[in-house]
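Accompanying notes for the structure given below.
In this text, all values refer to a predicted model and were calculated from it rather than measured experimentally.
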Amino acid sequence: MTEACVILDIGGVLEITPETGWLERWEERLGWPPGTVHARLGEVWRAGSVGRVGEREVHEQVAVRLGLDASQLEAFIADLWTEYLGTPNEELIAYVRGLRGRCRLGILSNSFVGAREREETAYRFGELVERIVYSHELGIGKPDPRAFEAACAALEVRPEDCLFIDDVAANVEAAEATGMQAHLFEDNARTIARIEAHLTARSRAGACLPGGARRRM
């Protein structure tokens, strides 16, 4: 069935995630020059984002590569998740909650091992949308076209019926290349207006099908 669909990113869209400078504070605390943590952990970050390592291995690698003792490791990981989770975009979350029944709803997020559990505890995204596709579970991240295809497949919708919302221009462009509609998130007002326009357009498209019937996939 032809149905309007909205798929959203998490960080920078549903979550407000400004940089807190936590890595710089750790580098200062450990007496290292700027960029040292990323240089030592870049491989770990990349592996965790597509699920090539689990949380336990991440913790082990962080401790070894940064030379942290148990208490330092616990504090470092806590800081990591504090920045990762940010704070909820309450206005947009409330609006999306009100879309249930009007369209299909999903999330497509570049993520990190452990994100589903922590975001579900903090924000209950599993109750907000029908399907959540995380890069660390899929093994593929945006802007790879397969990530967008996987999100559409999870929701059983056609790309052309979907509006994808992200705060990264490269991901918006990649979504459009797969046949989706896409919107670059800049603020809530413009994003909500774009979603409303998408739902109106898809509703009209469905009404204009032969006989007024909705097309079957």
Side-chain angles (χ1 to χ4, degrees), residues 2-22 81-112 115-116 118-135 141-145 147-152 154-208 214:
T2 298
E3 292 184 87
C5 176
V6 177
I7 301 176
L8 304 103
D9 178 36
I10 294 180
V13 179
L14 293 173
E15 292 171 359
I16 301 168
T17 54
E19 293 187 6
T20 64
W22 72 283
W81 286 112
T82 295
E83 173 153 317
Y84 186 101
L85 294 172
T87 57
N89 184 343
E90 298 281 12
E91 180 185 20
L92 186 60
I93 289 172
Y95 169 75
V96 173
R97 187 176 294 114
L99 292 177
R100 295 300 294 262
R102 293 183 62 194
C103 63
R104 306 299 302 276
L105 290 169
I107 283 173
L108 175 60
S109 176
N110 283 356
S111 53
F112 196 72
R116 180 182 289 273
R118 287 172 175 82
E119 287 176 328
E120 189 62 20
T121 297
Y123 304 127
R124 314 300 295 179
F125 287 145
E127 299 173 2
L128 184 69
V129 302
E130 300 166 62
R131 295 288 185 272
I132 303 176
V133 177
Y134 282 111
S135 67
K142 301 172 291 188
D144 190 310
F148 303 99
E149 292 165 1
C152 291
L155 286 159
E156 299 182 319
V157 293
R158 305 180 309 169
E160 58 264 39
D161 293 324
C162 291
L163 173 65
F164 175 69
I165 298 164
D166 201 293
D167 62 322
V168 176
N171 295 337
V172 169
E173 293 166 3
E176 291 175 335
T178 67
M180 302 172 78
Q181 301 293 310
H183 172 74
L184 180 64
F185 178 87
E186 295 177 295
D187 59 55
N188 289 337
R190 279 179 282 190
T191 295
I192 290 170
R194 181 65 183 87
I195 293 173
E196 288 295 327
H198 174 71
L199 298 184
T200 298
R202 298 319 299 163
S203 176
R204 289 173 178 169
C208 290
R214 290 189 177 273

Do you know the tightest heavy-atom contact between [X] and [Y]?
X: R124; Y: T121; result: CD-O, 4.4 Å
X: I132; Y: G126; result: CD1-N, 3.8 Å
X: L199; Y: A4; result: CD2-CB, 3.7 Å
X: C5; Y: L155; result: SG-CD1, 3.7 Å
X: A151; Y: V133; result: CA-CG2, 3.9 Å
X: R100; Y: E127; result: NH1-O, 3.1 Å

When you measure from the side chain of [X] to the backbone of [Y], do you find a donor-acceptor pair of N or O atoms at a distance under 3.5 Å?
X: K142; Y: L108; answer: yes
X: S111; Y: S135; answer: yes
X: E15; Y: G86; answer: no
X: E130; Y: L105; answer: yes
X: Y123; Y: L85; answer: yes

Could you tell me whether the side chain of [Y] reaches within less than 4.5 Å of the side chain of [X], counting heavy atoms only?
X: T17; Y: E83; value: no
X: N171; Y: D9; value: no
X: E156; Y: E3; value: no
X: L92; Y: L14; value: yes
X: I195; Y: I165; value: yes
X: I93; Y: F125; value: yes

What's the spacing between [X] [atom1] and [Y] [atom2] if we round to 0.5 Å?
X: I192; Y: H183; atom1: CD1; atom2: NE2; result: 10.0 Å
X: L184; Y: E173; atom1: CG; atom2: CD; result: 9.0 Å
X: C103; Y: I7; atom1: SG; atom2: CD1; result: 10.0 Å
X: R194; Y: E186; atom1: CZ; atom2: CD; result: 13.0 Å
X: T178; Y: E149; atom1: OG1; atom2: CD; result: 6.5 Å
X: T82; Y: R118; atom1: OG1; atom2: CZ; result: 10.5 Å

Worksheet item: Under a 4.0 Å N-O cut-off, is there an ion pair linking D161 with R104?
Response: no
Worksheet item: If you measure from the Lys or Arg side-chain nitrogens to the Asp or Glu carboxylate oxygens, is any gap between R102 and E196 under 4.0 Å?
Response: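 Result for this pair is yes, salt bridge flagged.
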Discussion item. Are F164 and F148 an aromatic pair, judged by ring center distance below 6.0 Å?
Written reply: yes
